[in-house]
Amino acid sequence: MKGGLSEFFAMGGYALYVWGSFGMTALLMIAEPLLVRQRRKAVIQRVSRLVRLKSEQKL
Amino acid sequence: MKARHKRFGFLLVGLVVLGAAAWLVFNALGNNLSYFFSPTEVAENKAPANHVFRLGGLVQPGSLERGEKLTVHFDVTDNAHAVKVAYTGILPDLFKEGQGVIAQGRMGSDGVFVAEEVLAKHDENYMPPEVADALEKGHDKGVADMAKGNKPL
Amino acid sequence: MGGRLNLYKFSSPATFYPLAGKIGKISTLIAVVLLVIGLYMSFFVAPTDYKQGEGYRIIFIHVPSAWMSMFIYLVMAFWAGIGLVFNTRLSSMMAQALAPTGAIMTFIALWTGAFWGKPMWGAWWVWDARLTSELILFFLYIGFIALQGSIDDARRADRAGAVLLLVGVVNIPIIYFSVKWWNTLHQGASVSVTEGSNMSTIMLQAMLIMTFAFWAYSIAVSMYRVRAIILEREKDTRWVSELPEIRR
Amino acid sequence: MFSAFRTIIARDLLLAMRRRSDVLTTLFFFVIVVSLFPLGIGPELNTLRLIAPGVFWVAALLASMLALEKLFFVDYQDGALEQMLLAPQPLSILVLGKVLAHWLVTGLPLVLLSPLLGLQYDLSTATIGIMMLTLLIGTPALSLIGAIGAALTLGLRGGGVLVSLLVLPLYIPVLIFGAGAVEAETSGLGGTGHLSMLGAILLLSALAAPLATAAALRISAE
């Protein structure tokens, strides 16, 4: 099985190209949702602070 | 009434300009815009003599000769004419006799195309090797059948 | 009349916000499932290619991302055009939410193309018509994002971006037909509506599954992004201040 | 309508005459960029002849982009643009007039000066002729396309950098076919294909760019 696995990762000599492509794609497709989540958190924090500020002003 | 005339005039001018642009584009597509030539065009002296261009075709089977160091010689053919090519450097993986190839370079004075870069052109077909073998056999069989006078299906 | 009313209802950010969350959740699920199946098929089920060996497996991300890069631009231009004509805020927000995903898809298509071109053609990059026009598409995405970023007034940003997107649409047919018009290095289309496919069935299935996975991924990410944009833009409205995640 | 078109051209030309330094800046930028290349690359005439089409076209492209900033900005500042927006004539016609005037003072001098610079590159008369022809067809297209970018970024901070980001991708086809025509003609391939492509781009941009620019102006001036 070990031979099979290293053979799989060798990709018939195309390891650099296949894994280079899939690796970059994976990197971007993991990073993008994380960035969106971060943006959402930041927005919620900012807006809720704004809302709280407003309600305090009213009191 | 006048506004309608005006609008009609605009429309007419627009259509005429659009038509002229379309005519120009089709005129241009008939021309060779990309310095890409087949061996037949080279044989007919259509390729520029003093400028880098791309030569595209198949590597003639049996024509590949490896010279000293990394220099190789081969013929590029489109099954009508063939052009001799000399190239020094590393060939791409897909480079094989009978395969599509694009060589970039210029014509030497001795009629040999001196390539600076050789790129392999692959087609849009993807299949497992067994299928390719079967197709090849089928094709050979079809050719054989045709030779015998039986039309293939 | 009822249909019209419904459409108008969903074009309001307040009603779309929860809907976008639902669509995003479902699409995430679909994307993950399809990606797992697609990756399994691309590496273990799809056979080795007769000419390119294992190297052709790059096709399973290259083609879907290239398709998405063009398709997302068209969708953006569509939403931007709707926003320009009918003055709907939400459609402009959709266009804005799709832009980074489109730029990323274009980048993936270019990157994987380079990593495929090096071993097969013999060069990382060639000034071929297909490659050049795809690069222009990438610049167009970047230009759109930059324009939106530098205009403070949201309404002007939406409309200016829409004009830019509609002007740039010229590029899409050029990319698509470039391999036909200027027959150079890039091979023709393997899959076409009129002529069927030139791939073996199992490879085609793997590629289509990956395409749907990329599709679901793009929908999911853009839905989550549009939710963030809606919150940003509508921060002064009452419905936002009453959202549970804001009140906490 | 045509009188308004003519009036706009006459007015912009007059304004340009009063402010000659703006016109001369663009022209000198072109001259300097073209003259810098032989200094950077070395005086080898074969190399220079080879790179000439590309250098001339890139320089023309940058010079035309440099001039874009001024296209609507003065009118925007002194309120003339608002008058134009309210005018009974279609805005796109007025925009076409403005772009034409702009090309006459920034594009045309550059075309007329290019033969002189061609001598620096030891170009043959035939090459200089075809180069002038491509610039003559191509630079109006650059002005037309650039006007869209100028209108979109009107009055923005850092508009100069942004306009290049928006406009350069759209300039690329003009550059490819413009420089390509010169190269094809000198290599004996015949430049008709490239020239007709360039002509098609000019016609299409003359048709679509004023409309897009007018829309962008309305958005930016709101």
Side-chain angles (χ1 to χ4, degrees), chain A, chain C residues 24 28 31 35 39 42-44 48-49 52-62 64-65 97 100-101 104-105 107-109 111-120 213-214 217-218 220-232 234-236 238 240-243 245-248:
Chain A
M1 199 58 214
K2 209 179 168 191
L5 205 66
S6 65
E7 195 182 299
F8 172 72
F9 280 114
M11 271 293 140
Y14 291 115
L16 168 68
Y17 306 107
V18 173
W19 298 123
S21 300
F22 277 81
M24 178 51 98
T25 310
L27 198 74
L28 287 172
M29 283 172 81
I30 291 168
E32 197 194 357
L34 288 179
L35 283 173
V36 172
R37 212 174 84 165
Q38 205 182 356
R39 181 173 176 181
R40 179 176 162 76
K41 273 188 184 159
V43 170
I44 287 182
Q45 210 171 26
R46 205 167 55 227
V47 175
S48 57
R49 197 178 300 153
L50 211 87
V51 168
R52 230 175 296 144
L53 217 75
K54 259 189 207 161
S55 60
E56 276 166 20
Q57 273 172 348
K58 265 181 205 158
L59 280 175
Chain C
T28 310
L35 268 178
L39 284 174
S42 345
F43 283 114
F44 300 106
T48 309
D49 184 60
Q52 304 184 27
E54 309 291 338
Y56 92 100
R57 292 187 197 279
I58 296 171
I59 200 176
F60 296 124
I61 45 177
H62 177 71
S65 60
T101 309
I104 284 176
M105 286 295 163
F107 182 78
I108 291 177
W111 179 276
T112 55
F115 271 68
W116 195 3
K118 182 62 188 169
M120 297 308 164
F214 273 50
Y217 167 84
S218 306
V221 179
S222 56
M223 281 300 152
Y224 284 124
R225 194 179 282 114
V226 87
R227 270 161 71 90
I229 294 173
I230 290 175
L231 285 185
E232 260 164 37
E234 307 272 304
K235 55 177 180 287
D236 296 324
R238 233 183 105 182
V240 167
S241 61
E242 282 168 358
L243 282 174
E245 56 259 50
I246 299 292
R247 300 194 60 149
R248 271 186 301 167

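What you see is a predicted model; the values in this text were computed from it and never measured. Letters go in sequence order (proteins before strands), and every chain restarts at 1. Basis for what follows: all heavy atoms, side chains included, without hydrogens, waters or symmetry-related copies.
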Is there side-chain contact between [X] and [Y], with at least one heavy-atom pair below 4.5 Å?
X        : Y         : result
Phe60(C) : Thr25(A)  : no
Leu16(A) : Lys118(C) : no
Tyr56(C) : Val18(A)  : no

Option in Pro119(C), Ala228(C), Ala220(C), Ser42(C) with maximal non-hydrogen atom pairs under 4.5 Å from chain A:
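Top option by heavy-atom pairs under 4.5 Å: Pro119(C).
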Please identify, among His62(C), Met120(C), Met105(C), the residue contributing the most non-hydrogen atom pairs under 4.5 Å to chain A.
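Option with the top pair count is Met120(C).
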Quick check, are the ring centers of Trp116(C) and Phe22(A) under 6.0 angstrom apart?
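No; Phe22(A) has its ring centre 6.0 Å or more from that of Trp116(C).
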Can the ring centroids of Phe44(C) and Phe8(A) be said to lie less than 6.0 angstrom from one another?
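Here the rings of Phe8(A) and Phe44(C) have centres that are less than 6.0 Å from each other.
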If I measure from the heavy atoms of chain A, does [X] come under 4.5 Å with its side chain, its backbone, both, or neither?
X         : result
Thr101(C) : both
Tyr217(C) : side chain
Met223(C) : neither
Phe107(C) : side chain

Could you measure the distance from the [atom1] atom of [X] to the [atom2] atom of [Y]? Nearest 0.5 Å is fine.
X         : Y        : atom1 : atom2 : value
Tyr224(C) : Glu32(A) : OH    : CD    : 13.5 Å
Ser65(C)  : Met29(A) : OG    : CE    : 9.0 Å
Trp111(C) : Leu27(A) : CH2   : CG    : 9.5 Å

Over all heavy atoms of both residues, which pair between Glu245(C) and Ile44(A) is shortest? Give the atoms and the distance, please.
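Answer, listing the atom of Glu245(C) first, then Ile44(A): O-CG2, 3.5 Å.
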Write down the atom of Asp236(C), the atom of Lys54(A), and the distance for their closest heavy-atom approach.
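For Asp236(C) and Lys54(A), the tightest heavy-atom pair comes out as OD1-NZ, 3.5 Å.
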Students often mix this up, so state it plainly: with edges at 30° and 60°, are the rings of Phe115(C) and Tyr17(A) parallel, tilted or perpendicular?
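If you compare the ring of Phe115(C) with that of Tyr17(A), the planes turn out perpendicular.
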Most chain C-contacting option - heavy-atom pairs closer than 4.5 Å, from Gly13(A), Pro33(A), Ser21(A):
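Going by pairs under 4.5 Å, I would pick Ser21(A).
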Does any heavy atom of chain C fall under 4.5 Å from the side chain of Leu28(A), the backbone, both, or neither of them?
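Backbone plus side chain of Leu28(A), per the 4.5 Å heavy-atom cut-off to chain C.
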Residues of residues 34-42 of chain A under 4.5 Å from chain C (heavy atom pairs)?
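Checking residues 34-42 of chain A against chain C gives Val36(A), Arg39(A), Arg40(A).
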